[in-house]
J.: 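One structure, as structure tokens, below. Some questions next.
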Amino acid sequence: MLNKVLLIGNLGADPELRYTPGGTQVATFSIATSERWKGQDGKVQESTEWHRIVAWGKLAEICNQYLQKGSRIYLEGKLQTRKWQDREGTERFITEVVARDMKMLDSRNAAPSTQQNNQGQAFNPQPQRMVPEQPVPF
């Protein structure tokens, strides 16, 4: 089975860094992805989708340190849906992307790219060009 998400988008707000009771860092933030096309009337249409992102460990620390509202990033991760009960006892669900790899696409804040291994520890892979030099056409 495969559960893999690839996104290129912009942060909607600064990341929020918290710690689990065991001291593990967890950063949450949202990124927006947009799609543009020409409608039947010839006018450019646009649709924006928001994605909730969760990063753990060293990757969470790096996201908190280097990312800010408006940052453009490339993100790899997996989809995860969680279920909980709110204070009124109503079941709630949320689907989020658990980040495994993040690359900054803004040259002004260049930081090392990171990946997490299966144990949640970050390491720096050899640089790979995974996104084109020119903007994506949507």
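One is the number of the first residue; the rest follow in order along the sequence.
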J.: If you take all heavy atoms of P15 and C63, which pair is closest and at what distance?
T.: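 In terms of heavy atoms, the two residues are closest at CG-O, 3.5 Å.
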J.: Between atom CE of M102 and atom OH of Y66, what is the distance when rounded to the nearest 0.5 Å?
T.: 9.5 Å
J.: Identify every side-chain donor-acceptor pair in residues 2-10 under 3.5 Å, counting partners at least two apart or on other chains, and give the distances.
T.:
unit_1 : atom_1 : unit_2 : atom_2 : d
N3     : OD1    : L79    : N      : 2.9
N3     : ND2    : L79    : O      : 2.8
N10    : OD1    : R72    : NH1    : 3.0
N10    : ND2    : G70    : O      : 3.0

J.: Among residues two or more places apart or on two chains, list those pairs meeting salt bridge (charged side-chain N to carboxylate O under 4.0 Å, His left out) that have a residue in residues 15-29.
T.: E16-R18
J.: With ILVMFWY side chains joined below 4.5 Å, transitively, what does L17's cluster contain besides itself?
T.: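 So far as hydrophobic clustering goes, L17 is joined with Y19.
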J.: Minimum heavy-atom separation for A60 to A55, with atom names?
T.: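 Distance-wise, the nearest heavy atoms are CB-O, 3.2 Å.
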J.: For T48, give me all partners under side chain to side chain donor-acceptor pair (under 3.5 Å), at least two apart in sequence or on another chain.
T.: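 T48 satisfies side chain to side chain donor-acceptor pair (under 3.5 Å) with S34 only.
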J.: Quick one: does L11's side chain get under 4.5 Å of I31's, heavy atoms only?
T.: yes
J.: Got a second to check how far I73's CD1 is from K103's NZ, nearest 0.5 Å?
T.: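 It is 11.5 Å, given to the nearest 0.5 Å.
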J.: According to the salt bridge (charged side-chain N to carboxylate O under 4.0 Å, His left out) rule, which pairs have a member within residues 38-50, sequence neighbours left out?
T.: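 Qualifying pairs, neighbours excluded: R36-E46.
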J.: Can you name the closest pair of heavy atoms from K69 and D14 and give their distance?
T.: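 Closest heavy-atom pair between K69 and D14: N-OD1, 2.7 Å.
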J.: Can you tell me how far CG of N64 sits from CG of L59, rounded to the nearest 0.5 angstrom?
T.: 11.0 Å
J.: Nearest 0.5 Å, what's the CZ-NZ distance between R100 and K78?
T.: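 R100 atom CZ to K78 atom NZ measures 5.5 Å (nearest 0.5 Å).
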J.: Just verifying a value: how many Å separate Q25 CD and K58 NZ, rounded to the nearest 0.5 Å?
T.: 8.0 Å
J.: Atom CD1 in I53, atom CZ in F29: separation rounded to 0.5 Å?
T.: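 So the gap between those two atoms works out to 5.5 Å.
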J.: Run through the side-chain heavy atoms of Ile, Leu, Val, Met, Phe, Trp and Tyr, join any pair under 4.5 Å, and report what else lands in W84's cluster.
T.: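 When side chains under 4.5 Å apart are linked, the cluster holding W84 also contains I94.
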